[in-house]
Amino acid sequence: MVSAQDVAKLRAKTDAGMMECKKALVECDGDFDKAVDWLREKGMAKAAKKSDRIASNGRIGMYNHMSQGQICVMVEVNCETDFVAKTDKFAELCNNVAMHIAASRPQYLTREDVPADVLAKEKEIAKAQAMEEGKPEAIAEKIVAGRIEKFYGEVCLMEQQYVKNPDLKIVDLINEATMSIGEKIAIRRFVVFEVGEGMEKRDWNAD
């Protein structure tokens, strides 16, 4: 028996519709965690169906480190209609992504954006480390693959764990937003400004 409280709890966690939450709980025999996974899988499937649609509207999400004003992030998040772009829900999503970027400092949007020379260098370092650990060649290759996946998760925005909910990657956050809002949602680009970045800093304590 699925209770209204369970449905409400699932909706609060996933932002899915009431009927979808009820169906998920029924399909998963009331298992809350399985119902969450079920909804995410359905959301990813729906998001995939919308992937070929054009998202030419959107807005710029911004995050400014209010305490010191040392860091500012701007991120362009796209949707399909001007109506959605103007909603509070979409604005909140954009600003949350900007805040995540300020906290996690991704270098690239997706793994496809990582330059070939950067990736080759990471693989070279990972293999050298594995070999130094005395791993056989075949095992070393598997270790390299695993470490490269970890590298992607550290430097690529879409593969990072969302700071407000580490159970989600940013790609999951966008897929859930697509499912909830009903339009294709996509992050197009981002930029981080930090005071003094790239400048030589003087050590005032040095004599």
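Along the sequence shown, residues are numbered consecutively beginning with 1.
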If you take all heavy atoms of Ile187 and Met158, which pair is closest and at what distance?
CD1-SD, 3.9 Å
Kindly say whether Thr81 contributes a backbone atom to a donor-acceptor pair with the side chain of Glu183 at under 3.5 angstrom?
yes
Tell me yes or no: between the side chains of Asn175 and Thr178, is some donor less than 3.5 Å from an acceptor?
no
Give a yes or no on whether Val155 and Phe190 share a hydrophobic cluster (residues Ile, Leu, Val, Met, Phe, Trp, Tyr; joining criterion: side-chain heavy atoms under 4.5 Å apart).
no
Residue pair Gln160 / His100: nearest heavy atoms and the distance that separates them
OE1-NE2, 2.8 Å
For the atom pair OH (Tyr152) and CG (Leu157), what is the distance rounded to the nearest 0.5 Å?
15.5 Å
Inspect the contact between Lys121 and Asp117 and indicate whether a charged nitrogen and a carboxylate oxygen are less than 4.0 angstrom apart.
no
Does the side chain of Cys79 reach to within under 4.5 Å of the side chain of Lys184, using non-hydrogen atoms?
no
Using the salt bridge (Lys or Arg N to Asp or Glu O under 4.0 Å) rule, take Glu27 and Lys34 through it: C-alpha gap first, then chi angles, then the decisive distance, then the call.
CA-CA 9 Å; Glu27 290 288 334; Lys34 288 183 179 179; over 6 Å; no
Identify the two heavy atoms, one from Val26 and one from Val2, that lie closest to each other, and give their separation to 0.1 Å.
CG2-CG2, 3.8 Å
Nearest-0.5 Å distance, OH of residue Tyr162 to CD of residue Glu176
10.5 Å
Any side-chain heavy-atom pair of Met74 and Arg189 under 4.5 Å:
no
Taking every non-hydrogen atom, the tightest pair across Val144 and Ala126
CG2-C, 3.9 Å
For residues Phe90 and Leu168: do they belong to one hydrophobic cluster (side chain heavy atoms under 4.5 Å, members Ile, Leu, Val, Met, Phe, Trp, Tyr)?
yes
With a 4.5 Å cut-off on side-chain heavy atoms, are Val7 and Leu25 touching?
yes
In terms of hydrophobic clustering (I, L, V, M, F, W, Y; side-chain heavy atoms under 4.5 Å; direct or indirect links), are Val77 and Phe83 co-clustered?
yes
Looking at side-chain heavy atoms only, is the closest gap between Met99 and Val163 below 4.5 Å?
yes
Should Glu194 and Val73 be marked as a side-chain contact (heavy atoms from CB on, under 4.5 Å) after you check the CA-CA gap, both sets of side-chain angles, and the distance that decides it?
CA-CA 9 Å; Glu194 182 172 4; Val73 172; over 6 Å; no
Other residues, nucleotides, ligands: >12 heavy atoms within 6.0 Å of Gln161 CD:
no
Short question: side chain of Asp113, backbone of Tyr108 - any donor-acceptor pair under 3.5 Å?
no
With distance as the sole test, does Glu159 use its side chain to make a donor-acceptor pair with the main-chain N or O of Gly153 at under 3.5 Å?
no
If you draw the axis of the six-membered ring of Phe32, does the NZ or CZ of Lys9 fall within 45° of it and under 6.0 Å from the ring centre?
yes
Distance (rounded to the nearest 0.5 Å) between Asn165 CG and Leu173 CG:
8.5 Å
Honestly curious: do Ile60 and Phe193 fall in one hydrophobic cluster under the side-chain, below-4.5 Å linking rule?
yes
For the residue pair Phe151 and Val114, establish whether any side-chain heavy-atom pair is separated by less than 4.5 Å.
yes
Is the side chain of Ser104 donor-acceptor paired with the backbone N or O of Ile101 at a distance under 3.5 Å, no angle test?
no
Non-hydrogen atoms of Pro106 and Cys156 that approach each other most closely:
CB-C, 4.3 Å
Verify, without hydrogens or angle tests, whether Asn57 (side chain) and Glu80 (backbone) share a donor-acceptor contact under 3.5 angstrom.
yes
Backbone N or O of Ala85 within a donor-acceptor pair of the Arg59 side chain at under 3.5 Å?
yes
Distance-minimising heavy-atom pair for Trp38 and Cys28:
CB-SG, 3.8 Å
What do the steps show when you test Glu122 against Arg111 for salt bridge (Lys or Arg N to Asp or Glu O under 4.0 Å), and what is the final call?
CA-CA 13 Å; Glu122 287 298 321; Arg111 63 173 61 194; over 6 Å; no
Val75 reachable from Val84 in the ILVMFWY side-chain graph, under 4.5 Å edges
yes
Nearest 0.5 Å, what's the NZ-CD1 distance between Lys123 and Ile148?
6.0 Å
Could you grab the distance from atom CG of Leu93 to atom CG of Asp88, nearest 0.5 Å is fine?
12.5 Å
Before giving the answer on side-chain contact (heavy atoms from CB on, under 4.5 Å), spell out for Glu154 and Gln107 the whole-Å C-alpha distance, their side-chain angles and the decisive distance to 0.1 Å.
CA-CA 9 Å; Glu154 292 172 348; Gln107 299 175 42; over 6 Å; no
Roughly how far, to the nearest 0.5 Å, is SG of Cys94 from CE of Met62?
12.0 Å
